K.L.:
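Have a look at this one.
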Amino acid sequence: MIKRQVMSDEIEQTFAVALEMEQGGNFQQAADLYSAILAIDDRHVPAYQALSQLQIELEKPEAARQTALRGLDLAESDLRLTVLLAKAEIMMGHYTAGREYCRKVLKTSPTELTAQRLIINSYEHEQNWIEVNRVATDMHREHPNDRQFLSQLAFSGFRLLRDKHNFVPESIIRCQKLMAKAISKSETEQQKDKFLPCLAETFWYAGEPKKSLEILDDYLNRYPQDIEAQFNACFIHRTLYNWDAFYDAFEKGIESGARLSYRGDIARWDLSRPKSDIVLVVPEQGVGDEIEFFHNLAIVVENAAKVYVACEPRLVPVLNISHPEVIAVPVKRVDHESMAIPEEVKRDITSWIAGGSLAAIAYQSSGKHHYQASYFSPPNDQVEKWSSHFDELKKAHNKKHVIGLSWRSGLAGASRNIHFLSVDDVARLVEAFPEALFVNLQYDDCSKEIRKIKKLSGVDIIQLEDIDLRDDFVGTGALIEACDLVITAATAIFRLTNAIGKECHLFYGWDKDSDHNVPVKLEWETGFGYYYPPLIENKYPVVDSIVKHVTGRLSSQ
């Protein structure tokens, strides 16, 4: 009995020494002592707790998991060990298992905040911002003074705003208020600064680019190494027409990985490269962006011996017609995967350039953003086919003009509240042109919208059956060429219309000082932009401005 008591006293003394070592920052020595205690007494639950916690601090989650499980064999309902096990699982990437252990804790102890924090943390690792926001909302409601819950609520709200394109005024304003509150409650400058790039972005969404740039510049003065924030500044500079700053910031998107998934290990092409270069032009972002950078392909062709252009397979026919001197390389891109350029192409090239970077070269060398204002002429026989068809339709319906119409992209969501027209807006637009035949240029299924527009306005928008608007860009181009003009949102249809050189009327949310009553001549020299404050809810005045200006254009034809 005395011997057992002596051993017990020695274990407790060792445990006390281990705690002192841990508090002094000697983590490994403390861990060794906890392990020694368990080697002598494998039923010492506090040692399991302390060792598992320390292993987590030492970023050894596998060891922490094993220690916690051994401890739980002795004390199955021990809350601290269960929490530690949950944390270890989450650190190892076992998020579902970690949440299950957290929920087990919460069944016994509903007020255990550590378990709630771990659940949120697991969703953050998965970038499941919907669940982060849901749990953080509940926790912030119950604990309004808790800084961490407020911070998680504000940041997840921003991610949902951006990722879900939930650009409605109430969402933007709520997001700004939450971030401002999180900033005011932050204890350190670093905590405050975490929100500044996000806050700047929301002001840009709201049409306040100057305020947005002021916040972002303040942040970048302290964190000039933040490449992602430097890239995000390009969108603000674009809105403010700060072209030199725009192109400088835009190039940061390659370094940050935001623009493309290709990394060439050879020289980047520019006008200083020898004309004997064999160049690969690499696509980025969406199909509309590719159509856009084709305006500047000629600058490479004129200054290189051979040019490969990697592109979306659907655009190969457009490329073959518009730039027969280049070699089209169809590349099907997959999100979060590196671009698969054929090996024979990689072996042949001596330099490469991202397609979007060509505009900077064009601007710096000529002062123009597009080396060619238009570059694509659809086949005459296809254009004639549609022209003849439209002549028949105009005669049958007693119309004088044909207008191509695209009022939104294929992106579903609240973003249409900024850059797209609603069904009601479209109805107001089409009923204002009794002498025009409207042809649908939407590539997705919009039959319900068209029926509703007919019900509201009495106008039939023509849905052409003998055309694949999604995949046949040559055929769609011919259809556009056969129209008198196009009214569109900023979609691939807008880009294709400009590539052809057809008159285009673009509506777009710009900044709070934009005046939609004064159409802006587009830089493609083939149309006009009707820019308006992004947060306006009633777009009827924008529609009326388009009607007024387009009516004048049609009457002069």
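From a predicted model like this one, the values you see are computed outputs, not experimental measurements.
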K.L.:
Is it possible for you to check whether Lys521 lies under 6.0 Å from the centre of the six-membered ring of Phe528, through NZ or CZ, and within 45° of that ring's axis?
P.N.:
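Positive - Lys521 is close enough to the ring of Phe528 and near enough to its axis.
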K.L.:
Which heavy atom of Pro378 sits nearest to which heavy atom of Val474, and what is that distance?
P.N.:
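Answer, listing the atom of Pro378 first, then Val474: CB-O, 4.3 Å.
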K.L.:
Can you confirm whether Asn538 is buried at CG, in the sense that more than 12 heavy atoms of other residues, nucleotides or ligands lie under 6.0 Å from that atom?
P.N.:
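Count over threshold, so yes.
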K.L.:
Mind checking ring-ring contact (aromatic ring centres under 6.0 Å, His included) for Phe250 and listing every partner two or more places apart, or none if nothing turns up?
P.N.:
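Residues passing ring-ring contact (aromatic ring centres under 6.0 Å, His included) with Phe250: Phe246.
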K.L.:
Assess whether atom CG of Leu271 is packed by more than 12 heavy atoms of other residues, nucleotides or ligands within 6.0 Å.
P.N.:
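Yes, enclosed.
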K.L.:
Report yes or no: does Thr476 contribute a side-chain atom to a donor-acceptor pair with the main-chain N or O of Phe473 at less than 3.5 Å?
P.N.:
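No; judged by distance alone, with no hydrogens or angles, the pair does not exist.
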K.L.:
Does the gap between the ring centers of Tyr375 and His295 come in under 6.0 Å?
P.N.:
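Between Tyr375 and His295, the centre distance is under 6.0 Å.
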K.L.:
How far does CD1 of Ile493 sit from CD1 of Ile480, to the nearest 0.5 angstrom?
P.N.:
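Between atom CD1 of Ile493 and atom CD1 of Ile480 there are 4.5 Å.
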K.L.:
Within a 6.0 Å radius of atom CD on Glu228, are there more than 12 heavy atoms belonging to other residues, nucleotides or ligands?
P.N.:
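Not buried by this count: 12 neighbours or fewer within 6.0 Å.
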K.L.:
Quick test of your reading of the model: are Glu251 and Arg259 salt-bridged, counting only N-O distances below 4.0 Å?
P.N.:
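Salt bridge between Glu251 and Arg259, a charged N being under 4.0 Å from a carboxylate O: yes.
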K.L.:
Tell me whether the rings of Tyr530 and His549 are parallel (<30°), tilted (30 to 60°) or perpendicular (>60°).
P.N.:
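Taking His549 first and then Tyr530, their aromatic rings stand perpendicular (interplane angle over 60°).
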K.L.:
When the ring centroid of Trp510 is compared with that of Tyr241, is the distance short of 6.0 Å?
P.N.:
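Yes.
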K.L.:
Hey, can you tell me if His419 and Tyr508 have their rings parallel, tilted or perpendicular (30° and 60° cut-offs)?
P.N.:
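The rings of His419 and Tyr508 lie parallel, inter-plane angle below 30°.
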K.L.:
Extract all donor-acceptor atom pairs below 3.5 Å that involve side chains of residues 388-397 and protein atoms in other chains or at least two apart in sequence.
P.N.:
| unit_1 | atom_1 | unit_2 | atom_2 | d |
| --- | --- | --- | --- | --- |
| Ser388 | OG | Glu384 | O | 3.0 |
| His397 | ND1 | Leu393 | O | 3.0 |

K.L.:
Do any N or O atoms from the side chain of Glu284 and from the backbone of Gly356 form a donor-acceptor pair under 3.5 angstrom?
P.N.:
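The answer is yes, because a donor-acceptor pair under 3.5 Å joins these two groups.
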K.L.:
Under a 3.5 Å distance rule, please check whether Asp217 uses its side chain to pair with a backbone N or O of Glu214 as donor and acceptor.
P.N.:
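No, because the side chain of Asp217 does not come within donor-acceptor range (under 3.5 Å) of the backbone of Glu214.
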K.L.:
Looking at Arg428 and Asp425, is there a salt bridge between them, counting it only when a charged N and a carboxylate O are closer than 4.0 Å?
P.N.:
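Result for this pair is no, no salt bridge flagged.
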K.L.:
Is the shortest distance from a Lys or Arg side-chain nitrogen in Lys512 or Glu208 to a carboxylate oxygen in the other one below 4.0 Å?
P.N.:
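No, this pair does not count.
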K.L.:
Could you tell me whether Lys452 and Glu449 have a side-chain N and a carboxylate O separated by less than 4.0 Å?
P.N.:
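No.
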K.L.:
Can you see whether Phe155 has Lys194 sitting over its ring - NZ or CZ less than 6.0 Å from the centre and within 45° of the normal?
P.N.:
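Geometry flag: set, cation within 6.0 Å and 45°.
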K.L.:
Counting only N and O atoms by type, is there a donor-acceptor contact under 3.5 Å from the side chain of Asn296 to the main-chain atoms of Tyr371?
P.N.:
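Yes, because the side chain of Asn296 sits within donor-acceptor range (under 3.5 Å) of the backbone of Tyr371.
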K.L.:
What I want to find out is whether Glu255 reaches Arg268 closely enough, with some N-O distance under 4.0 Å, to be called a salt bridge.
P.N.:
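The answer is no: the pair does not qualify as a salt bridge.
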K.L.:
Is Asn303 reaching over with its side chain to a backbone N or O of Ile299, donor-acceptor style, under 3.5 angstrom?
P.N.:
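Judged by distance alone, yes, a pair lies under 3.5 Å.
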K.L.:
Rounded to the nearest 0.5 Å, how far does CG of Asn232 lie from NZ of Lys252?
P.N.:
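Rounded to the nearest 0.5 Å, the NZ-CG separation comes to 13.5 Å.
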K.L.:
Can you check whether Ala245's main-chain N or O pairs, donor with acceptor, with Asn242's side chain at less than 3.5 Å?
P.N.:
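No: the side chain of Asn242 does not pair with the backbone of Ala245.
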K.L.:
Roughly how far, to the nearest 0.5 Å, is the CZ atom of Arg134 from the OG atom of Ser156?
P.N.:
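Separation between the atoms: 11.5 Å.
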K.L.:
Mind running side-chain hydrogen bond (donor to acceptor under 3.5 Å, both in side chains) on Ser406 and Gln442 for me, showing each step along the way?
P.N.:
CA-CA 5 Å; Ser406 174; Gln442 298 288 141; 2.9 Å; yes
K.L.:
Report the C-alpha separation of Tyr308 and Ile341 in whole Å, then their side-chain angles, then the decisive distance to 0.1 Å, and conclude whether the side-chain contact (heavy atoms from CB on, under 4.5 Å) test is met.
P.N.:
CA-CA 11 Å; Tyr308 291 96; Ile341 303 296; over 6 Å; no
K.L.:
Quick check: are there more than 12 heavy atoms from other residues, nucleotides or ligands sitting under 6.0 Å from CG of Asn380?
P.N.:
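No.
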K.L.:
Would one find more than 12 heavy atoms of other residues, nucleotides or ligands at under 6.0 Å from atom CG of Asp381?
P.N.:
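Yes, CG of Asp381 has more than 12 neighbouring heavy atoms, counting only those of other groups under 6.0 Å.
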K.L.:
Given Arg408, which of Asp444, Thr491, Thr488 fulfils the side-chain hydrogen bond (donor to acceptor under 3.5 Å, both in side chains) condition?
P.N.:
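Exactly one option meets the side-chain hydrogen bond (donor to acceptor under 3.5 Å, both in side chains) with Arg408, and it is Asp444.
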K.L.:
Taking Pro209's backbone N and O only, do any of them form a donor-acceptor pair with Thr239's side chain (distance below 3.5 Å, no angle check)?
P.N.:
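Checked: no pair found.
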K.L.:
Quick check against the 3.5 Å criterion: does Asp484 have a side-chain atom that pairs as donor or acceptor with the backbone of Ile403?
P.N.:
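No.
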K.L.:
Might you point out which heavy atoms bring Ala310 and Pro283 nearest each other, and give the distance in Å?
P.N.:
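Where Ala310 meets Pro283 most closely, the heavy atoms are O-CD, 3.2 Å.
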K.L.:
With sequence neighbours left out, write down each residue that passes side chain to side chain donor-acceptor pair (under 3.5 Å) with Lys400, or none if nothing qualifies.
P.N.:
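So Lys400 forms no side chain to side chain donor-acceptor pair (under 3.5 Å) with any residue.
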K.L.:
Report yes or no: do His140 and Gln152 form a side-chain donor-acceptor pair below 3.5 Å?
P.N.:
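Not at all, the side chains of His140 and Gln152 share no donor-acceptor pair under 3.5 Å.
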K.L.:
Any sub-3.5 Å donor-acceptor pair from Asp511's side-chain atoms to Trp204's backbone N or O?
P.N.:
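Not at all, since once roles are kept as given, no pair shorter than 3.5 Å links the two residues.
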K.L.:
For the residue pair Pro534 and Ile418, what are the closest heavy atoms and their distance?
P.N.:
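Nearest heavy atoms, Pro534 then Ile418: O-CG1, 3.6 Å.
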K.L.:
Quick one: CG on Asn133 to CG on Leu153, what's the gap to the nearest 0.5 Å?
P.N.:
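Spacing of CG (Asn133) from CG (Leu153) equals 5.5 Å.
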K.L.:
Does the Arg495 side chain pair with the main chain of Phe293, one donor and one acceptor, at a distance under 3.5 Å?
P.N.:
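Absent.
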